[in-house]
Student: 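Structure below; questions to follow.
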Amino acid sequence: MNQGLTNLTNQSTLNEIYLQTLVVRISNKGLNHFVRAIIDSGSTKSYISKFVAEKLGLKNIGKETVTHGLFGGSEKTECHNRYNIQLSSLDTKNKIEIEVMDQKKICATVPKIKNAYCLKELREKKIFLSDLSFKSEKCLYEESVNDIHLLLGADVAGKILTGKIEHLSCGLVAMQYILGWTVMGKVSNEINLDSSYLTLSLFVNEARFMEFGFFWEK
């Protein structure tokens with residue numbers, strides 16, 4: 001039985017809560033493509049959207065019937081196509097081959113981190129998030145640049161951890177995987193910034209990313 005795929009994007013209107021997202025490179029038939037992914041250890045399997053699987057022309061290696069344990073205790077049985085894919089970090093230094101199953105829609109749109117204080121702290125610690133530094137329009141997407149088209153479940157997540165973890169004073173936790181850094185958690189209620197500081201910080205953050213060459217032009 002597989003868990004997950006059900007409650008990934010519940011967002012509170014009172015607090016900023018972020019999930020583990022990143023941009024990864026998928027290689028197929030000598031071509032490189034980029035997708036926005038989410039790490040969800042609550043899912044026992046990993047999934048790719050049908051949209052991306054078709055766009056990449058992935059070769060079906062079989063089918064698998066899975067019973068999904070959904071939020072609230074209900075169950076749903078579905079048949080999925082299976083694929084082998086190769087993922088790498090944006091700089092291609094780290095690669096991994098995994099098996100994924102297709103899914104019509106991975107989850108609802110997942111927002112990117114936007115808190116100026118947290119962004120400043122990440123920058124000071126020299127932690128660069130591919131989900132922020134990579135130009136969104138360069139990723140494959142169907143409806144929105146914030147679409148999630150790849151879910152890395154518990155079958156993969158543990159294998160790609162590097163063990164590096166940073167607890168940020170803003171309340172978030174940064175975790176490094178071989179495919180890149182992610183953040184997760186809730187921003188502390190004590191973080192209060194006015195709009196002028198927010199605008200300035202985001203401007204400086206963008207300039208810094210460009211200085212380090214993290215806005216990819218490929």
Side-chain angles (χ1 to χ4, degrees), residues 4-25 34-43 71 89-91 106-141 143-152 157 160-216:
L5 295 177
T6 57
N7 202 32
L8 287 171
T9 57
N10 284 352
Q11 294 291 321
S12 167
T13 57
L14 298 177
N15 302 106
E16 295 178 63
I17 302 175
Y18 296 104
L19 303 180
Q20 292 182 279
T21 58
L22 69 165
V23 173
V24 297
R25 181 193 301 256
F34 303 92
V35 297
R36 193 164 181 247
I38 189 165
I39 296 176
D40 176 24
S41 58
S43 174
F71 182 75
S89 54
L90 293 185
D91 58 13
I106 300 296
C107 62
T109 298
V110 178
K112 299 182 180 184
I113 183 172
K114 59 184 178 180
N115 186 282
Y117 185 93
C118 295
L119 291 172
K120 178 176 180 292
E121 190 173 3
L122 287 167
R123 185 172 66 252
E124 290 173 346
K125 291 181 177 293
K126 300 188 185 304
I127 295 175
F128 299 99
L129 306 179
S130 60
D131 200 24
L132 291 178
S133 61
F134 191 84
K135 288 188 175 181
S136 299
E137 63 270 19
K138 297 288 186 179
C139 292
L140 291 176
Y141 65 91
E143 299 174 356
S144 165
V145 293
N146 285 333
D147 282 352
I148 295 292
H149 285 287
L150 180 67
L151 182 150
L152 302 178
I160 61 176
L161 272 170
T162 68
K164 291 185 178 180
I165 299 176
E166 289 281 350
H167 293 267
L168 308 180
S169 62
C170 68
L172 301 183
V173 177
M175 302 178 67
Q176 187 189 51
Y177 294 84
I178 65 171
L179 300 175
W181 281 93
T182 68
V183 293
M184 66 179 295
K186 181 174 71 173
V187 176
S188 171
N189 291 330
E190 297 177 2
I191 303 302
N192 242 338
L193 299 172
D194 60 38
S195 59
S196 61
Y197 181 79
L198 174 64
T199 303
L200 174 61
S201 181
L202 289 177
F203 174 79
V204 172
N205 186 63
E206 179 175 329
R208 191 64 170 170
F209 275 132
M210 294 181 69
E211 177 185 339
F212 277 90
F214 277 80
F215 277 90
W216 295 69

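All values derive from a computational prediction rather than experimental measurement.
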Student: Identify whether the distance between the nearest side-chain nitrogen and carboxylate oxygen of Asp131 and Arg36 falls below 4.0 Å.
Tutor: yes

Student: Out of Leu150, Leu132, Ile39, Leu129, which one pairs with Leu22 under the side-chain contact (heavy atoms from CB on, under 4.5 Å) rule?
Tutor: Ile39

Student: Working note: Val23 + Cys139, criterion side chain to side chain contact (heavy atoms under 4.5 Å, CB included); need CA distance, chi angles, decisive distance, verdict.
Tutor: CA-CA 8 Å; Val23 173; Cys139 292; 3.8 Å; yes

Student: Which heavy atom of Tyr18 sits nearest a heavy atom of Lys114, and at what distance?
Tutor: OH-N, 3.3 Å

Student: If the condition is salt bridge (charged side-chain N to carboxylate O under 4.0 Å, His left out), which residues does Glu137 pass it with, not counting sequence neighbours?
Tutor: none

Student: Under the side-chain contact (heavy atoms from CB on, under 4.5 Å) test, which residues partner Ile178, sequence neighbours left out?
Tutor: Asn94, Ile96, Ile160, Thr162

Student: Hey, does Thr109 have a side-chain heavy atom less than 4.5 Å from the side chain of Asp147?
Tutor: yes

Student: With the side chain counted from C-beta on, respond yes when Cys118 and Val187 share a heavy-atom pair under 4.5 Å apart, and no when they do not.
Tutor: yes

Student: Check the surroundings of atom NZ in Lys112: do more than 12 heavy atoms from other residues, nucleotides or ligands lie under 6.0 Å from it?
Tutor: yes

Student: Which atom pair, heavy atoms only, marks the closest approach of Tyr177 to Ala157?
Tutor: CE2-O, 3.7 Å

Student: Quick one: does Val24's side chain get under 4.5 Å of Val35's, heavy atoms only?
Tutor: yes

Student: What's the separation between atom SG in Cys107 and atom CD1 in Ile38, rounded to the nearest 0.5 Å?
Tutor: 5.0 Å

Student: Test of understanding: with salt bridge (charged side-chain N to carboxylate O under 4.0 Å, His left out), list the residues that count as partners of Lys125, not counting sequence neighbours.
Tutor: Glu166

Student: Mind jotting down which residue pairs meet the salt bridge (charged side-chain N to carboxylate O under 4.0 Å, His left out) criterion with at least one end in residues 167-180? Sequence neighbours excluded, please.
Tutor: none

Student: Can you name the side chain to side chain donor-acceptor pair (under 3.5 Å) partners of Glu143, sequence neighbours left out?
Tutor: none

Student: Would you please name every residue forming a side chain to side chain donor-acceptor pair (under 3.5 Å) with Tyr141, sequence neighbours left out?
Tutor: none

Student: Is there a side-chain contact between Val110 and Asn146 in this structure, where contact means two heavy atoms from C-beta onward sitting under 4.5 Å apart?
Tutor: no

Student: For Thr182, give me all partners under side chain to side chain donor-acceptor pair (under 3.5 Å), at least two apart in sequence or on another chain.
Tutor: Gln20

Student: Evaluate the side-chain proximity of Phe34 to Leu90: yes if any heavy-atom separation is below 4.5 Å, no if none is.
Tutor: yes

Student: Rounded to the nearest 0.5 Å, what's the gap from CG on Leu168 to OG on Ser188? Could you check?
Tutor: 11.5 Å

Student: Evaluate the side-chain proximity of Leu119 to Ile113: yes if any heavy-atom separation is below 4.5 Å, no if none is.
Tutor: yes

Student: For residues 168-185, which residue pairs qualify under salt bridge (charged side-chain N to carboxylate O under 4.0 Å, His left out), counting only residues two or more places apart or in two chains?
Tutor: none

Student: List the steps, then state whether side chain to side chain contact (heavy atoms under 4.5 Å, CB included) holds for Ile165 with Val173.
Tutor: CA-CA 7 Å; Ile165 299 176; Val173 177; 3.5 Å; yes

Student: Show the numbers, then the answer: is there a side chain to side chain contact (heavy atoms under 4.5 Å, CB included) between Leu122 and Leu172?
Tutor: CA-CA 10 Å; Leu122 287 167; Leu172 301 183; 5.9 Å; no

